[in-house]
Amino acid sequence: MDVSQYLEIFIDETAEHIQSLSDNIMALENEPEDHDVINEIFRAAHSLKGMAGTMGFKRMQHLTHDMENVFQEVRNDKIKVNGDIIDVLFQCLDAIEGYLNIIKETSDEGTNDNEGIITALNGILNGDVAPTPPPAVKEESVVEAPAEESHHKKFLEIKLKDQEREALKNAEESGRCIFGFTVYVQKDCLLKAARAFLVFKAVEEFGEILVYSPCSQDIEDEKFDLDFSFYAVADSEGIDKFLTATKAVSEIEEVIAEQLKYEDIENASAQKSQSEEKSAIVEQSAPAVVAAPQKEEQAKTSSAAQKGKAVNKPVANRTVRVDIEKLDALMNQVSELIIAKNSLVSISSSDSSDGTQSQSFRDQIEYLERITTSLHESVMKARMVPIESVVAKFPRMIRDLSRKLDKKMELFMTGEDTELDRTVVDQIGDPLQHLLRNSADHGLESAETRKERGKPEVGSIHLNAYQEGNNVIIEVGDDGNGIDTETVKQKAIERGLVTPEQAENLSQKEIIDFLFMPSFSMAKKITDVSGRGVGLDVVKSNIEALGGDVEVKSKLGEGSSFIVRLPLTLAIIQALLVEVHNELFAIALGSIVTIEDVPISEIKYVQADEVINLRGTVIPLIRLNHILDIAEPEPAPESLTVVIVSKGEKQAGLVVDNLLGQQEIVIKSLGKFIRNSKIISGATILGDGEIALILDVNTLM
């Protein structure tokens, strides 16, 4: 029986059972006598055993069978649940999740038998004190290179394409220097692609990157392990400036770099080709031998391939209720339909030749508009998923951190049923995890310190989600120490970011913003600052890439709160179209507070910056023609049209020439070749075929 067709269903259902087990084991730790919870765990283990057996995953079946046996005895009151048993159960859960991750990648469960965990489970059944087994070894670690080989010049192993060879050769002939880089990120790095981007940005301060390995798109999509390599060229010699800049990026373990001649690269490439040819000859001529343990899976794969079975096929959890790719295709079709509708609206408004025909035509347009809006809302609802799928794993993470850090802490979550676009949900998990780890590790004080300060011994971490207009707000905070802004300020002065005189005039928010700067907290000696800063630059860049923003509220001695604001969807938005000196731009309606007509005489100045006083609130003005390098209108107007926009609690006024009205627009990406301006978040095609660029209000502010 070919069960491969059921693989995606197995993956989805196993993930649900794992989450159910995690929640119930957490509950069991607090209420060891709760028979309802015990029965739920037994049923989940039983279901997993049956599913694994049906799919032919024997190792997973064996582990869940022993887990089921333990809970059979617990149900019969022959075994009492204690802390040791809970630890073993969580080890089981990690092992099952390890199997699932390998199945997603290869459609097979791998070779790890998890003997230590099975021994511990049998020990529980035999009445022995359950020893905590060693952490489950993930399959990926089995194939890691030996330590002495792990860090070397992998850039010399890059297979160059003809055009890449030509580019490097031409660069050297024109007098530029060639540099090879291999960058290793730390094993526990959460956002590898973001770290790679920061490395590239640092290198491009001094030169130009010509060759990537893997390709730049794979690096952007995080399709690499713990290292990546590239060749860069620069006008001057010296590797030190590159090393200093790249090593300043946090969560980078090591950077190996060398200045090279084109001849060195060619020789390395030739040697690699010869070595590969020899290996191929040896493999073809070698007699059949028993596969070594590390080759066993390859032998199985080869055998299955000969039988015509699908092997090593990556399978991912990509379903909401229907396949997400089908929803994407449907969304694209709805997008095109909306563009076509806007085009008809444009034609309708300009057609005045026959009143009767025009009225009938407009009636049909209104009907089409209702249909497209309804269809768009239906597709969006199908794409929306609760953030519960992301946050459900956090209570277990906080439980583990509590034991690891020897701090008592509790996580309180609300709003898990708040819905977001699937694309946003898939990418928000790592930033939220980073913020929670920061709260646990660096926000909460030790039990002794909390007692001295009159606080409860158990620290509180909260994650609250709720919808606010067209945005979803997620607050992550703690009742810990808060951010010591004086220490941060001193650090900024040491780094030369501000002078002591300038630092005296900084607001609390401006000081906290330093923590979001790349590598701000790399100095090991200032641990309270580096703890709060590590990774916050990446958290911010990832949230802003989703069209969101993050702000911080903190009070020393009382705690901190990180407020993440995200758009409900990334595909189609309501926007205001504006004109700036004959150029068309779109501003998301969700960012707009109001629109004002401001006489020139009412403009005031604060430290040489233009501001207006709007009903008691001082609001800075942003002249879009200055920001976007557009000529001043002639003659200068007597009053300004100002679009008041907000980012969190901050407001600013965007000065525009004309307002063209509200429209439902389809966001089109500018592509990877146009990334030099973060002010522009995308573009849209209007009804008359014109292009309007979409302004990113968060970046502008």
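Only this structure's heavy atoms are used, side chains among them; waters, hydrogens and symmetry mates stay out. Heads up: numbering here begins at 1 and tracks the sequence.
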Using side chain to side chain contact (heavy atoms under 4.5 Å, CB included), reason through Arg176 and Glu208 one step at a time and then give a plain yes or no. CA-CA 10 Å; Arg176 304 180 82 186; Glu208 178 187 3; 3.3 Å; yes
Intermediate values then yes/no, side chain to side chain contact (heavy atoms under 4.5 Å, CB included), Val645 and Gln651: CA-CA 6 Å; Val645 293; Gln651 292 187 349; over 6 Å; no
Taking atom types as modelled and ignoring hydrogens, do the side chains of Ser236 and Lys241 form a donor-acceptor contact shorter than 3.5 angstrom? yes
Apply side chain to side chain contact (heavy atoms under 4.5 Å, CB included) to the pair Ser213 and Lys154, showing each step before the final yes or no. CA-CA 9 Å; Ser213 177; Lys154 287 192 176 182; over 6 Å; no
Side chain to side chain contact (heavy atoms under 4.5 Å, CB included) assessment of Asp235 paired with Phe206: CA-CA 8 Å; Asp235 293 329; Phe206 307 101; over 6 Å; no
Backbone N/O of Val580 and side chain of Glu583: donor-acceptor pair under 3.5 Å: no
Tell me whether Glu173 at atom CD has more than 12 heavy atoms from other residues, nucleotides or ligands lying less than 6.0 Å away. yes
Mark yes when over 12 heavy atoms from residues, nucleotides or ligands other than Arg437 sit less than 6.0 Å from its CZ; otherwise mark no. no
Would you say Asp657 has more than 12 foreign heavy atoms packed within less than 6.0 Å of its CG? yes
Among all residues two or more places apart in sequence or in another chain, which pass the side-chain contact (heavy atoms from CB on, under 4.5 Å) test with Leu628? Phe585, Leu624, Ile630, Ile679, Ile680, Leu695
Nearest heavy atoms of Ser646 and Val697, plus distance in Å: O-CG1, 4.2 Å
So that I can tick it off, tell me whether Arg623 and Glu610 are bridged by a salt bridge, with the cut-off set at under 4.0 angstrom between side-chain N and carboxylate O. yes
Using every non-hydrogen atom in the two residues, find where Ala586 and Leu577 come nearest and quote the distance to one decimal. CB-CD2, 3.8 Å
Between Phe155 and Phe230, is the ring centre distance below 6.0 Å? no
Can you tell me if Gln163 has over 12 outside heavy atoms packed within less than 6.0 Å of its CD? yes
Give a yes or no on whether a salt bridge exists between Glu551 and Lys509, defined as a side-chain N under 4.0 angstrom from a carboxylate O. no
Would you please name every residue forming a ring pair (Phe, Tyr, Trp, His ring centres under 6.0 Å) with Tyr231, sequence neighbours left out? none
CA sep, side-chain torsions, deciding dist, call: Lys169, Glu266, salt bridge (Lys or Arg N to Asp or Glu O under 4.0 Å): CA-CA 10 Å; Lys169 191 175 181 182; Glu266 276 294 292; over 6 Å; no
For the student: nearest non-hydrogen atoms of Phe179 and Ala234, plus distance: CE1-CB, 3.8 Å
Heavy-atom pair of closest approach, residues Phe242 and Gly207: CE2-N, 4.4 Å
Between Arg565 and Ile543, which heavy-atom pair has the shortest distance, and what is it? O-CG2, 4.4 Å
Under 6.0 Å between ring centres: does that hold for Phe228 and Phe200? yes
For Phe224, does the six-membered ring have the charged nitrogen or CZ of Lys192 within the cation-pi criterion, i.e. under 6.0 angstrom from the centroid and within 45° of the normal? yes
For residues Lys650 and Met701, report the shortest heavy-atom separation together with the two atoms involved. O-CE, 3.5 Å
